[in-house]
2 protein chains.
Amino acid sequence: MSVTPTRDRRSERHEATRAEILEAAWELAREQGLAGLSLRDLGRKVGMRAQSLYSYFDSKHAIYDALFRQGNEQMLERRSHLDRTADPEADLRRGGRQFVEFCVEDPARYQLLFQRTIPGFEPSAESYALAVTVLEGAQERFRALGVDDSAALDLWTALLTGLIDQQISNDPGGDRWVRLYDEAVDMFFDHVNKEKTR
Amino acid sequence: MSVTPTRDRRSERHEATRAEILEAAWELAREQGLAGLSLRDLGRKVGMRAQSLYSYFDSKHAIYDALFRQGNEQMLERRSHLDRTADPEADLRRGGRQFVEFCVEDPARYQLLFQRTIPGFEPSAESYALAVTVLEGAQERFRALGVDDSAALDLWTALLTGLIDQQISNDPGGDRWVRLYDEAVDMFFDHVNKEKTR
DNA sequence: GTCTATATTTGGATAGAC
DNA sequence: GTCTATCCAAATATAGAC
């Protein structure tokens, strides 16, 4: 008679190896660019042949998908620590700063999650929905602020991504643009509040 | 006795073919992304084998270089039609708008000129210097405005590239972010003028 | 699960005939 | 200047032995 153990040591090991592969993939993406990721290098990094990776992922695409999902989960995890207070402007300020820092701290992740530069890669609808959640959070706070203008949300995202893109493209690892965050947000809220009272 | 003609029909033809190749390269870059450009496709598009392209360019790299140079020349040509008036704020407004439109009208060109996403491609120092010229023009107008703050210039570039990036990434071919230009610039100058009078 | 062996494709690039 | 013929390298992916 066979006994079914409650823990499946085999699949635990499988999952652990999968996680190890993804971690190595992040490192390679950071080192040589997201598009430069190759299965050979990835295999070498985890101590196996490229072909053996197929025991863990169906394709290279599936690896990008898993990375995309991990990135989104990291972002949601980060955002879950943001409390909502009675002051929506302060909430937006903190949310925006967190977003900028999250993006700048790992340009490869930013590229995967928010830019469409991997040829032929489309995130799964499920993962994409996570990203929309973040935008909706911001929109809600704008409404709480009394701003019902969709242009305000678009201007807000443009302001944040402008700082992020300039920081990543022209001063990687530095803070030349990130340090302008408070000033930029002051500017933005001065503008929004002026529009409101018109 | 041989006679030297004043026109060299052979090199004229050579130059014309080079130009034709570059035009085809732009089209391919627009269609399938800048990084997706391949010599095989490029040759097919101009009706020759990939190997024959080597009669016109030393390498694929040399083609990117030539494209980079052309893109910068196009930008400078465009900017040469911008007059400098007695009103530096109006000059900045027009210059910024022109820049946004120039970038948005050809995302592949924007990617080549301003983002660093082609693996291993570094523009020649000469071409890079052209790009710096544009920034210096903006800086000069800020000084004329009485703004001597380098942060203002950085905030200005972040604002413009934020609109551009969002437009290209999230509404290609549309105007969802570009149409916010005037509002964004109003916001910016309100802020700058407030700082000035403090 | 990992390996060897191999298929296939797709790049960039060179040599030499015409 | 263009072609054919080739080379070389790198990449994804599959088959089958162990």
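Protein chains get the first letters and strands the later ones, always in sequence-line order, with residue 1 at the start of each.
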Distance check needed: [N] [atom2] versus [X] [atom1], whole Å only.
X	N	atom1	atom2	answer
B:Asp41	C:dT9	CG	P	16 Å
B:Met48	C:dA13	CE	C1'	16 Å
B:Leu53	D:dG1	CG	P	13 Å
A:Leu37	D:dT12	CG	C1'	12 Å
A:Phe57	C:dG1	CZ	P	12 Å
B:Tyr64	C:dG12	OH	C1'	12 Å

### Task
Give me the residues of residues 13-30 of chain A where at least one heavy atom lies under 4.0 Å from an atom of DNA chain D, by number, or none.
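Close to the strand, none.
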### Query
Do you know the tightest heavy-atom contact between B:Leu180 and A:Ala151?
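Between these two residues, the closest heavy atoms are CD2-CB, 3.7 Å.
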### Query
For the residue pair B:Ala50 and B:Leu39, what are the closest heavy atoms and their distance?
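Minimum heavy-atom separation between B:Ala50 and B:Leu39: CB-O, 3.6 Å.
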### Task
Determine whether more than 12 heavy atoms belonging to other residues, nucleotides or ligands lie under 6.0 Å from atom CZ of A:Arg69.
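Incorrect, the count does not exceed 12.
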#### Entry: CZ/A:Arg49: more than 12 non-hydrogen atoms of other groups inside 6.0 Å
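No.
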### Task
Please collect all ring pair (Phe, Tyr, Trp, His ring centres under 6.0 Å) contacts where either partner lies in residues 81-115 of chain A, sequence neighbours excluded, each pair once.
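The answer is A:Phe99-A:Phe114, A:Tyr110-A:Phe114.
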### Query
Which pairs, with at least one residue in residues 37-63 of chain A and sequence neighbours excluded, count as a ring pair (Phe, Tyr, Trp, His ring centres under 6.0 Å)?
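Listed once each, the pairs are A:His14-A:Tyr56, A:His61-A:Phe121.
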Could you tabulate the donor-acceptor pairs under 3.5 Å formed by side-chain atoms of residues 19-32 of chain B, not counting sequence neighbours?
unit_1	atom_1	unit_2	atom_2	d
B:Trp26	NE1	B:Gln70	OE1	2.8
B:Glu27	OE1	B:Lys45	NZ	3.4
B:Arg30	NE	B:Asp106	OD2	3.0
B:Glu31	OE2	B:Lys45	NZ	3.1

### Message
Listing request: all salt bridge (Lys or Arg N to Asp or Glu O under 4.0 Å) pairs with a residue in residues 172-184 of chain B, at least two apart in sequence or in separate chains.
### Response
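Matches after skipping sequence neighbours: A:Asp154-B:Arg176, B:Arg97-B:Asp182, B:Asp175-B:Arg179.
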### Query
Taking NZ, NE, NH1 and NH2 as the nitrogens, is one of them in A:Arg141 or A:Glu89 under 4.0 Å from a carboxylate oxygen of the other?
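Salt bridge between A:Arg141 and A:Glu89, a charged N being under 4.0 Å from a carboxylate O: no.
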### Task
Report, as a single string ordered 5' to 3', how protein heavy atoms within less than 4.0 Å touch nucleotides 13-18 of chain D: B base, S sugar-phosphate only, - not at all.
BB----
### N or O in side chain of B:Arg40 less than 4.0 angstrom from C:dG12 OP1/OP2
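Looking at the OP1 and OP2 atoms of C:dG12, neither is under 4.0 Å from any side-chain N or O of B:Arg40.
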### Message
Can you see if the side chain of A:Ser52 gets near the phosphate of C:dG1 - specifically, an N or O under 4.0 Å from OP1 or OP2?
### Response
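No, because none of the side-chain N or O atoms of A:Ser52 sits under 4.0 Å from OP1 or OP2 of C:dG1.
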### Query
Considering only D:dT2, D:dA11, C:dG1, which nucleotide approaches the side chain of A:Ser38 most closely?
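Comparing D:dT2, D:dA11, C:dG1 against the side chain of A:Ser38, the answer is D:dA11.
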